[in-house]
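The block underneath contains the structure these notes are about, expressed in structure tokens.
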Amino acid sequence: MNGSRPDRGTALATEATRELLTRGTLRVHGRIMAASNAVLFGTVEHEDHSLACVYKPVAGERPLWDFPDGNLAQREVAAYEISRATGWDLIPATVLREGPYGAGMCQAWVGELPDAEVDAEAGADRADDTTDGAQPAGAATAQDPVSAAGDPAPDEPAPLLALVDGDEPGEGWKAVGFADVGDGRTALLVHADDPRLRRLAVLDAVINNGDRKGGHLLPRPDGALYAIDHGVTFHVDDKLRTLLWGWAGEELTGEAVEALRLLSAGLAEGAPLAARLTGLLTEAEVEATRKRVEALLSSGRHPLPSGEWPAIPWPPV
């Protein structure tokens, strides 16, 4: 990760990346305006290393009535800890640290850098405001994930989500449900039958992700997949809302079972992972996470929608 330009390599979830985010000098270059909370684009620099990052100060969070304990930044860090413990590294390195506008979440940036910078001083003045919209930090550079299924351009990752005509998803796709596309028409929302997404579906079940939208999925040309925006997670009640229901009720893969066993051991009282989560979540939330892991191991299957909470986030992106 040498050089004057921010690094954009694929190893964005590693301990080295986490260390750089923690120790580096954080500089803010602008604000991602299409975000529901204050989301700032910046870089962290330490010695001869530089890394592009997302910085979400706690002061810029919009309070949520059903998440009264702690803050969203801590939940984002907890989600990274769980992802790291599975060995799947689906979430970019994420730390809780002080920044120019107070304590907040700092996460490695995924994808191309923004084409134009927002005035940093103006963004700072609004760091405790919110903006309309629900696009994640990476949405400024991510391709639109909901489109007609088809072959991607040679230099683009294959699409992970699509809207298709008909009642069946087609080979290589899993059905999610029907969506209103306007003018009285509906289309079938599908996601790729992709092992990376299947791992993410398990991870989301563990962290009780209440908002897995398509814009949170950031595939890379080298085959890596990263997922972002995990502030609405770890509730003690079943809040799972996701586009990744294609495997609902199906048997878990062997690798998923092994990852869940690793999590079960790591979440035992006194284990290092449990200790780190205790500093980020409430005791009840950590215990609820343990129970979700054990429930998945006991059933051996992907969870089904509870029926007590909207199963699919809307809009899907």
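Everything quoted here is computed from the prediction, not taken from an experiment. Position 1 is the first residue of the sequence; numbering continues from there.
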The side-chain contact (heavy atoms from CB on, under 4.5 Å) partners of Arg241 (sequence neighbours excluded) come to Asp211, Trp309, Pro310, Pro313
Margin query: Side chains of Val39 and Lys56, heavy atoms from C-beta outward: is any pair under 4.5 Å?
Written below: yes
By side-chain contact (heavy atoms from CB on, under 4.5 Å), Ala284 pairs with (sequence neighbours left out) Val236, Thr282
With sequence neighbours left out, the residues meeting side chain to side chain donor-acceptor pair (under 3.5 Å) with Asp167 are none
- Query: Are the side chains of Asn209 and Thr242 in touch, meaning some heavy atoms are under 4.5 Å apart?
  - Reply: no
Side chain to side chain donor-acceptor pair (under 3.5 Å) filter on Thr94, not counting sequence neighbours, yields Gln107
Original post:
Is it true that a side-chain atom of Asp183 and a backbone atom of Arg185 form a donor plus acceptor pair closer than 3.5 Å?
Top reply: no
>> Test your reading of the model: is there a side-chain donor-acceptor pair from Asp193 to the backbone of Lys174, 3.5 Å cut-off?
In response: no
Thr253 side chain near Val202 side chain, heavy-atom distance below 4.5 Å: no
Do Leu243 and Ile312 have side chains that approach each other closer than 4.5 Å (heavy atoms only, starting at C-beta)? yes
Practice task
Anything under 30° is parallel, anything over 60° is perpendicular, the rest tilted; go ahead and classify Trp109 against Phe41.
Solution key: perpendicular
(Q) Looking at Arg212 and Ala227, would you say the former's side chain and the latter's main chain have a donor-acceptor pair under 3.5 Å? (A) no
With sequence neighbours left out, the residues meeting side-chain contact (heavy atoms from CB on, under 4.5 Å) with Leu188 are Val164, Pro169, Ala175, Phe178, Val190
Side-chain heavy-atom pair Phe234, Arg292 within 4.5 angstrom cut-off
yes
Any heavy-atom pair between the side chains of Val95 and Val77 that's under 4.5 Å? no
Interatomic distance, CD1@Ile207 vs CD1@Ile91, rounded to 0.5 Å, equals 5.0 Å
Hits for side chain to side chain donor-acceptor pair (under 3.5 Å) against Asn71, two or more places apart or cross-chain, chain-then-number order -> Gln74
Anything under 3.5 Å between a donor and an acceptor, one on a side chain of residues 19-27, the other on a protein residue two or more places apart or in another chain? List them.
residue: Thr22; atom: OG1; partner: Arg18; partner atom: O; Å: 2.9
residue: Arg27; atom: NH1; partner: Glu45; partner atom: OE1; Å: 2.9

Item to complete: Ignoring hydrogens and angles, tell me if any N or O in the side chain of Tyr80 forms a donor-acceptor pair with the backbone of His230 under 3.5 Å.
Response: no
Residues pairing under salt bridge (Lys or Arg N to Asp or Glu O under 4.0 Å) where one sits in residues 267-284, two or more places apart or in two chains, turn out to be Glu81-Arg276
Taken in chain and number order and not counting sequence neighbours, the residues that satisfy side chain to side chain donor-acceptor pair (under 3.5 Å) with Arg75 are Glu285
**Prompt:** With the 4.5 Å side-chain cut-off for hydrophobic clustering, are Val232 and Ile82 part of the same group?
**Reply:** no
Test item: Ser83 side-chain N/O and Ala79 main-chain N/O as donor-acceptor pair under 3.5 Å: no
Worked verdict on Lys213 versus Asp229 for salt bridge (Lys or Arg N to Asp or Glu O under 4.0 Å): CA-CA 9 Å; Lys213 294 179 178 179; Asp229 224 354; over 6 Å; no
Arg199 meets the salt bridge (charged side-chain N to carboxylate O under 4.0 Å, His left out) criterion, sequence neighbours left out, with Glu255
*asked:* Between Asn208 and Thr233 (side chain of the first, backbone of the second, donor and acceptor by atom type, cut-off under 3.5 Å), is there such a pair?
replied: no
So the ring-ring contact (aromatic ring centres under 6.0 Å, His included) pairs with at least one residue in residues 180-201 (sequence neighbours excluded) are His191-Trp247
Sequence neighbours excluded, the answer for side-chain contact (heavy atoms from CB on, under 4.5 Å) partners of Glu294 is Ser264, Leu297
inquiry  = When you compare the side chain of His216 with that of Leu200, does any pair of heavy atoms fall below 4.5 Å?
reply    = no
I want to check something: taking the side chain as every heavy atom from C-beta on, are Thr289 and Leu263 in contact at a cut-off of under 4.5 Å?
no
